[in-house]
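We name chains A, B, ... by the order of the sequence lines, and we start the count at 1 in each one.
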There are 2 protein chains.
Amino acid sequence: MAGAATGSKDMAASRLLGVFREHGYDGASLAELSKATGLGRSSLYHHFPGGKEDMAKAVFDHIHEWMEISALAPLREPGDPAERLQKMINAIDRYYVGGYERCLLGSFVLGGSRGRFQPQLKSSFSGLIKALAALAVEAGASQEQGFERAEEAVVQIQGSLVVSGGLDDPAPFRRVMERLPRLILGRS
Amino acid sequence: MAGAATGSKDMAASRLLGVFREHGYDGASLAELSKATGLGRSSLYHHFPGGKEDMAKAVFDHIHEWMEISALAPLREPGDPAERLQKMINAIDRYYVGGYERCLLGSFVLGGSRGRFQPQLKSSFSGLIKALAALAVEAGASQEQGFERAEEAVVQIQGSLVVSGGLDDPAPFRRVMERLPRLILGRS
DNA sequence: GTCTATAATAGGATAGAC
DNA sequence: GTCTATCCTATTATAGAC
């Protein structure tokens, strides 16, 4: 049953994600994590003996699972590359609610907790880049071109979330979502 | 004498910047802010009666000043657009130490303190975009094209800092620095 | 597995002497 | 303008009953 977002622990991870997304790692207090999950402090420690750090780890697992199932799986299916890419773009767009929601990965990279979660961050970013690069190669790019396009795509997604947040305007994110197909598949 | 980074208050702001950059707003404790500036807690409150929030505001002023003098002023000088842009790119590259240092603006956008500093963030990002857009227009782009290129440039700078941080590899930032001239001035 | 209660500490902020 | 000492609160974390 690996994959479905069910089970109370996965449910909790989803709520915890919301809090970390909004407040960052350091800004997320146990009080809010408790309120968001509906679990008392002691229950949280029962499920996550390592405290906040364990909770964040569970959130990374949750995100990893989401990324594999919702974003990367379509890229690996058979069929038209453009259609498969669009599925992924739609998933990302929903995930960030059209640019109104922040990225937990970015938040953890730029916040004070980078060192603590560097392996998870590295794994997430490189997994995403690799999957996009493979699609670009399939669409006709060389290995090197494919990697460059994929890296630039992830750079633009992350950057647009920062800029949209800074300007308090989802338009930059939206514009990136629109130009992703040409960026990955080439200027056809 | 507006401009030179002298005076003990500006000196303090520079040290405070370092701490906020490394730990984020919530992660920066008074203990570290005190240690970094060499000022005791009470001295900090003497200079910044509003506490941490005042310190962050001073850091924003410091950044604003740096941006005007080191990054934007070259864009507005007379002379060859490509050379002026390169001056700005070099300033940014030094500022982020080739991709090894994080961006305070991005950190505040993605951290839990966005709401508190939204006006400063908005002003910084839109000032940067406007200045780059003007240069692009001067180099032959239409108003609309100029704005689009400038926005994409800021998106790529911010995104590359996130991705470089996540991968623990400055290469993505370096690659963005290299393609900025073509991005802003057009594919000539 | 969840709760109440409580410990232990770190954090932000202030008072008052110098 | 800086220091020592202190206060208050929020925060993380644990103990032990149910």
Side-chain angles (χ1 to χ4, degrees), chain A residues 1 5-62 104 107-108 110-117, chain B residues 1 5-62 104 107-108 111-117 120:
Chain A
M1 198 74 65
T6 54
S8 70
K9 188 148 181 175
D10 201 66
M11 168 67 146
S14 162
R15 307 292 184 88
L16 296 171
L17 167 60
V19 179
F20 283 123
R21 235 182 176 181
E22 191 179 340
H23 296 95
Y25 182 74
D26 289 309
S29 68
L30 283 186
E32 303 217 44
L33 294 165
S34 170
K35 196 178 65 178
T37 52
L39 298 171
R41 282 168 148 71
S42 291
S43 300
L44 278 178
Y45 276 93
H46 176 78
H47 292 289
F48 309 101
K52 243 170 89 167
E53 188 162 337
D54 264 17
M55 298 180 214
K57 295 251 173 75
V59 166
F60 272 109
D61 290 343
H62 180 80
L104 181 115
S107 164
F108 277 39
L110 296 183
S113 53
R114 187 203 315 195
R116 236 177 201 154
F117 305 108
Chain B
M1 198 74 65
T6 54
S8 71
K9 188 150 182 176
D10 200 67
M11 168 68 147
S14 163
R15 307 291 184 86
L16 295 172
L17 167 60
V19 179
F20 283 123
R21 231 182 179 182
E22 190 179 341
H23 296 95
Y25 182 74
D26 289 309
S29 69
L30 284 185
E32 304 219 44
L33 294 165
S34 170
K35 196 178 66 180
T37 53
L39 299 170
R41 280 170 149 72
S42 291
S43 300
L44 278 178
Y45 276 92
H46 176 76
H47 292 289
F48 309 100
K52 240 170 93 165
E53 188 162 338
D54 264 16
M55 298 181 214
K57 295 250 174 77
V59 166
F60 272 109
D61 291 343
H62 180 80
L104 180 116
S107 163
F108 277 39
S113 54
R114 188 204 315 197
R116 241 178 196 153
F117 305 107
Q120 287 89 342

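Think of the region where chain A sits on DNA chain C: with heavy atoms and a 4.0 Å cut, that region ends 5' and 3' at C:dG1 to C:dT4.
When each of B:T37, B:L30, B:L17 is paired with B:M55, the side chain to side chain contact (heavy atoms under 4.5 Å, CB included) condition holds for B:L30 and for no other.
Between A:S34 and A:L39, the shortest heavy-atom distance links the atoms OG-O, 2.5 Å. Considering every non-hydrogen atom in both A:A56 and A:Y25, the closest pair reads CB-CE1, 3.8 Å. The nearest pair of heavy atoms linking A:A13 to A:A58 is CB-O, 4.0 Å.
Pairs of residues two or more places apart, or lying in two chains, that qualify as salt bridge (Lys or Arg N to Asp or Glu O under 4.0 Å) and include a residue from residues 11-23 of chain B are B:R21-B:E101. Counting only residues at least two apart or on different chains, the ring pair (Phe, Tyr, Trp, His ring centres under 6.0 Å) pairs with a member in residues 34-60 of chain B are B:F60-B:F108, B:F60-B:F117. For residues 38-60 of chain B, the pairs satisfying salt bridge (Lys or Arg N to Asp or Glu O under 4.0 Å) are B:E53-B:K57, B:E53-B:R116, with sequence neighbours left out.
Under the side-chain hydrogen bond (donor to acceptor under 3.5 Å, both in side chains) criterion, B:E32 pairs with B:H23, sequence neighbours left out.
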Measure all distances between protein nitrogen or oxygen atoms and nitrogen or oxygen atoms of nucleotides 10-12 of chain D, and list the pairs falling under 3.5 Å.
{"from": "D:dT12", "atom 1": "OP1", "to": "A:A28", "atom 2": "O", "distance (Å)": "3.4"}
{"from": "D:dT12", "atom 1": "OP1", "to": "A:K52", "atom 2": "NZ", "distance (Å)": "3.4"}
{"from": "D:dT12", "atom 1": "OP2", "to": "A:L30", "atom 2": "N", "distance (Å)": "2.7"}

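If B:S43 and A:G50 are placed on DNA chain D by their nearest nucleotide, the residue sitting closer to the 5' end is B:S43.
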